[in-house]
Undergrad: 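Below you will find the structure I want to go over with you.
This structure is a prediction, so every number in the text was calculated from the model and none was measured. Hydrogens, waters and symmetry mates are skipped; everything else that's a heavy atom, side chains included, is used.
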Amino acid sequence: CKSKISAQYFWVELSFAVLSCIILFISKDFNIYIWSAKYVLLMVMFAFFLCTFVYDLKHKIMPDDWTVGALASAIIYSVFFGVGFKLAVLGGLLVGIPLALIYFLSRGRAMGFGDVKFAPIMGVLLGASGGFSAMMIAFWVGGVLGIYLLIKYPKKINRKSEIPFGPFLIIGTTFAFIFNLNLDILLTCFQRILS
């Protein structure tokens with residue numbers, strides 16, 4: 001149509017291609033059918049993650065349909081290949097509580113409700129320990145980027161500026177899942193950095 005293609009499409013396609021290769025490796029199993037099932041299920045879930053990531057960055061909204069799709073994929077994965085149903089439910093509840101408290105205590109000023117709805121996915125997929133480690137990563141990355149933006153763009157960005165937190169939750173969840181992180185590992189790394 002002789003119109004320019006946004007660079008966003010290149011980066012989204014590249015990110016998904018790299019992610020698909022990583023998922024193919026970490027879902028590896030001796031049984032080809034189990035391997036295929038894990039791979040397809042994870043690809044569906046991370047497709048929801050990537051779409052939500054981009055949409056939240058652009059529009060500051062995390063569509064409910066995508067959140068529900070990601071949650072359903074995470075539940076199925078956890079039940080058959082992950083932490084199991086009981087730990088998934090417990091993780092979802094425990095990881096969801098802190099962001100819900102932040103949202104209600106701040107009356108929605110410190111946290112969007114889309115973030116609150118996404119938080120249980122982290123616990124369902126990773127269990128409580130992994131979910132909290134993902135949340136810690138999200139807050140660290142978000143904090144560092146927030147400070148950078150405040151310094152780099154003091155006239156455009158201030159403490160009242162709205163920065164979508166969903167992408168950071170997705171980054172935290174992705175890192176915690178790929179590298180199998182939990183609170184013990186993160187706290188040990190943190191202690192080594194401080195010592």
Undergrad: Does any part of the side chain of L71, heavy atoms only, come nearer than 4.5 Å to the side chain of T67, both counted from C-beta?
TA: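 Side-chain contact under 4.5 Å: no.
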Undergrad: Verify, without hydrogens or angle tests, whether W66 (side chain) and A47 (backbone) share a donor-acceptor contact under 3.5 angstrom.
TA: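 Not a single qualifying donor-acceptor pair exists.
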Undergrad: Picking from M43, K28, M45, what satisfies side chain to side chain contact (heavy atoms under 4.5 Å, CB included) with I23?
TA: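 Exactly one candidate clears the test, M43.
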Undergrad: Would you say CZ of F113 has more than 12 non-hydrogen atoms from neighbouring residues, nucleotides or ligands within 6.0 angstrom?
TA: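 Correct, the count exceeds 12.
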Undergrad: To the closest 0.5 Å, what do you measure between NZ (K38) and CG (L24)?
TA: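 Going from the NZ atom of K38 to the CG atom of L24 covers 11.5 Å.
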Undergrad: If you draw a 6.0 Å radius around CZ in F139, do more than 12 non-hydrogen atoms from other residues or ligands fall strictly inside?
TA: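 Above 12, so yes.
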Undergrad: From Y77 OH over to S27 OG, what is the distance, rounded to the nearest 0.5 angstrom?
TA: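 Atom-to-atom, Y77:OH and S27:OG are 7.5 Å apart.
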Undergrad: Less than 4.5 Å apart, side chain to side chain, heavy atoms only: is that true for F46 and S73?
TA: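 A side-chain contact under 4.5 Å is absent here.
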Undergrad: List the atom of I163, the atom of L149, and the distance in Å for their closest heavy-atom pair.
TA: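 Distance-wise, the nearest heavy atoms are CD1-CD1, 4.0 Å.
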Undergrad: Over all heavy atoms of both residues, which pair between W35 and D29 is shortest? Give the atoms and the distance, please.
TA: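 Where W35 meets D29 most closely, the heavy atoms are CE3-O, 3.5 Å.
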Undergrad: What closest approach, in Å, do I137 and A176 show between heavy atoms, and which atom pair accounts for it?
TA: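 Minimum heavy-atom separation between I137 and A176: CD1-N, 4.5 Å.
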Undergrad: In the single-linkage hydrophobic clustering (I, L, V, M, F, W, Y; side-chain heavy atoms under 4.5 Å), do Y153 and L145 co-cluster?
TA: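 Yes: a chain of side-chain contacts under 4.5 Å links Y153 to L145.
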Undergrad: If you compare all heavy atoms of V95 against all heavy atoms of G123, which two are closest, and at what distance to 0.1 Å?
TA: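 That would be CG2-CA, 3.7 Å.
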Undergrad: In this structure, are over 12 heavy atoms from other groups packed under 6.0 Å from W11 atom CH2?
TA: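 No, not enclosed.
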Undergrad: Counting only N and O atoms by type, is there a donor-acceptor contact under 3.5 Å from the side chain of S78 to the main-chain atoms of I75?
TA: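 Not confirmed, S78 side chain does not pair with I75 backbone.
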Undergrad: Hey, could you give me the CD1/CE distance between I102 and M111, rounded to the nearest 0.5 Å?
TA: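 Result: 4.0 Å between the selected atoms.
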Undergrad: Please find out if less than 6.0 Å separates the ring center of F49 from that of F118.
TA: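 For F49 and F118, the ring centres are under 6.0 Å apart.
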Undergrad: Hey, is CZ on F81 packed in by over 12 heavy atoms from elsewhere, all under 6.0 Å?
TA: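 Counting other residues, nucleotides and ligands, CZ of F81 exceeds 12 neighbours.
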Undergrad: I want to check something: taking the side chain as every heavy atom from C-beta on, are I26 and I178 in contact at a cut-off of under 4.5 Å?
TA: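 Yes; the side chains approach each other to less than 4.5 Å.
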Undergrad: V18 and F175: same hydrophobic cluster, using ILVMFWY side-chain contacts below 4.5 Å?
TA: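 Yes, V18 connects to F175 through the hydrophobic network.
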Undergrad: Compare all side-chain heavy atoms of F177 with those of L42 and state whether any distance is below 4.5 angstrom.
TA: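 Touching, per the 4.5 Å side-chain cut-off.
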Undergrad: With a 4.5 Å cut-off on side-chain heavy-atom distances among I, L, V, M, F, W and Y, is there a chain of contacts connecting L169 to V68?
TA: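 Hydrophobic grouping puts L169 apart from V68.
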Undergrad: Any idea which heavy atoms bring V116 and P120 closest together, and the distance?
TA: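 Where V116 meets P120 most closely, the heavy atoms are O-CD, 3.1 Å.
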Undergrad: Mind checking whether F165 and I97 sit in one hydrophobic cluster, side chains of I, L, V, M, F, W, Y counted as touching below 4.5 Å?
TA: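 Different clusters.
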Undergrad: Give the minimum heavy-atom separation between G131 and L126, together with the two atoms involved.
TA: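 Distance-wise, the nearest heavy atoms are N-CB, 3.6 Å.
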Undergrad: Within the structure provided, determine whether M122 and M135 are in side-chain contact (heavy-atom separation under 4.5 Å).
TA: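 In short, these two side chains touch, coming nearer than 4.5 Å.
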Undergrad: Is any side-chain heavy atom of F53 closer than 4.5 Å to one of I171?
TA: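 With C-beta onward as the side chain, the pair touches.
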Undergrad: Would you check if V124 and V89 make a side-chain contact, meaning some heavy-atom pair closer than 4.5 Å?
TA: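 No, side chains not in contact.
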Undergrad: Can you find a heavy atom in the side chain of L94 that is under 4.5 Å from one in the side chain of F132?
TA: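 Yes - at least one pair of side-chain heavy atoms lies under 4.5 Å apart.
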Undergrad: Looking at CG of L183 and OG of S133, how far apart are the two atoms once the value is rounded to the nearest 0.5 Å?
TA: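 Answer for the CG-OG pair, L183 versus S133, is 6.0 Å.
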Undergrad: Tell me if a side-chain donor or acceptor on D56 pairs with a main-chain N or O of I61 at a distance below 3.5 Å.
TA: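 Flag set: sc D56 to bb I61 pair under 3.5 Å.
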Undergrad: When rounded to the nearest 0.5 angstrom, what is the spacing between OG1 in T173 and CD1 in I121?
TA: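 Answer rounded to 0.5 Å: 8.0 Å.
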Undergrad: Starting from V144, can I reach Y148 by hopping between I/L/V/M/F/W/Y residues whose side chains sit under 4.5 Å apart?
TA: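 Result: no, two separate clusters.
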Undergrad: Could you grab the distance from atom CG of L87 to atom OG of S129, nearest 0.5 Å is fine?
TA: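 L87 atom CG to S129 atom OG measures 11.0 Å (nearest 0.5 Å).
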